[in-house]
Amino acid sequence: MTKLILVLSVYLIFISCTNSETPRFDQEKAFSFLEEQCEIGPRNPGSEEIKLCREYISSQLENFNADISYQEFQVEISGVEYQGVNIAAGFYPRMSRRILLGAHYDTRPWADKDPDPENHYKPIIGANDAASGVAVLLEIARHLSLQAPAQFGVDLIFFDLEDMGSYGTNDTWCLGSRYYADHYSDALPEKAIIVDMVGDKKQQLKMEYYSYHNSPALVNEVWDTGRNLGYKNFRHVIENMIFDDHVPLIRAGFNAIVIIDFDYDYWHTLEDTVDKCSSESLFVVGQTLLEIIYGKE
């Protein structure tokens, strides 16, 4: 009888840990992740602040019992050598069906879209670009530590050196994701979704051209899921060709898309600050992604 009770207890624990019900994204917790990144200061490559941001992300992932690894690489930009570090966090590595979620954590070193030319060489806080994407992934990591999805293991990738490019020259952007894609050797995930600039208070999530051209089924799955949850911010309109971290993944054969609101008045300005962002916007994206991870197909 004792053995039977023990077996039943283990079984019930397993069932509770793999509950098929989609967890509820905590928008206030996610917003605190956004605020805490911004409190560090501008997190541009080569700064002490980006090192602190790496430590911050890593410490959160450690709290969530993630399998953490680091991918170090070096790039030269305008004659200066930069050390980049991609952070990978794996959950449920034995599950063969996998979803990859990615976001970059570096911020633009120059506010070169600021209306005041005197600010063009000042680094930005980057509340929306890129603290918002990192915040969404960290809140998802928290849920993954508490409840195993029924179908998918999940890998979260925090990319470095996304935002030091030159306008009009695509291959100067997304250096961390390019390095990751070029050195990827595992089986490809079923779905790869990049999250960038999703915290805007006036959030409008339109489909992106490269995403739809490469992975129309995945784009439609995400947008239909969001709309079915009641989030009208997901708009079935294809707009903008955006070279973001999904493009190097696409080139490497990934089924990859980006969720991004590129209509953001404060992009690459000193006004990309916490007060321009909304916890509700983080919730719309985060809850949609949790439904993709935990929901029934």
Are side-chain heavy atoms of [X] and [Y] found at a separation under 4.5 Å?
X	Y	result
L249	D245	no
F262	K206	no
V237	M207	no
N44	D106	no
F152	R98	no

Worksheet item: Between R97 and E190, is the closest basic N to carboxylate O distance under 4.0 Å?
Response: yes

Worksheet item: Can a salt bridge be assigned to the pair D171 and R251 using a cut-off of 4.0 Å between side-chain N and carboxylate O?
Response: yes

Would the distance check show the side chain of [X] and the main-chain N or O of [Y] forming a donor-acceptor pair, the cut-off being under 3.5 Å?
X	Y	result
Y266	D114	no
S145	H143	no
S215	Y212	no
K201	D275	yes
E208	I259	no
R235	K232	no
E139	D26	yes

Worksheet item: Quick one: CG on D261 to CG on D196, what's the gap to the nearest 0.5 Å?
Response: 10.5 Å

Worksheet item: With under 30° as parallel and over 60° as perpendicular, where do the rings of F283 and Y231 fit, or are they tilted in between?
Response: perpendicular

Worksheet item: For the rings on F159 and W173, is their centre-to-centre separation under 6.0 Å?
Response: no

Worksheet item: Taking the six-membered ring for Trp, are F73 and Y179 ring centroids under 6.0 Å apart?
Response: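 Centroid distance F73-Y179: below 6.0 Å, so yes.
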
Practice prompt. Just do the side-chain hydrogen bond (donor to acceptor under 3.5 Å, both in side chains) check on H104 and D244 with the steps written out, would you?
Written response: CA-CA 10 Å; H104 75 93; D244 209 323; 5.4 Å; no

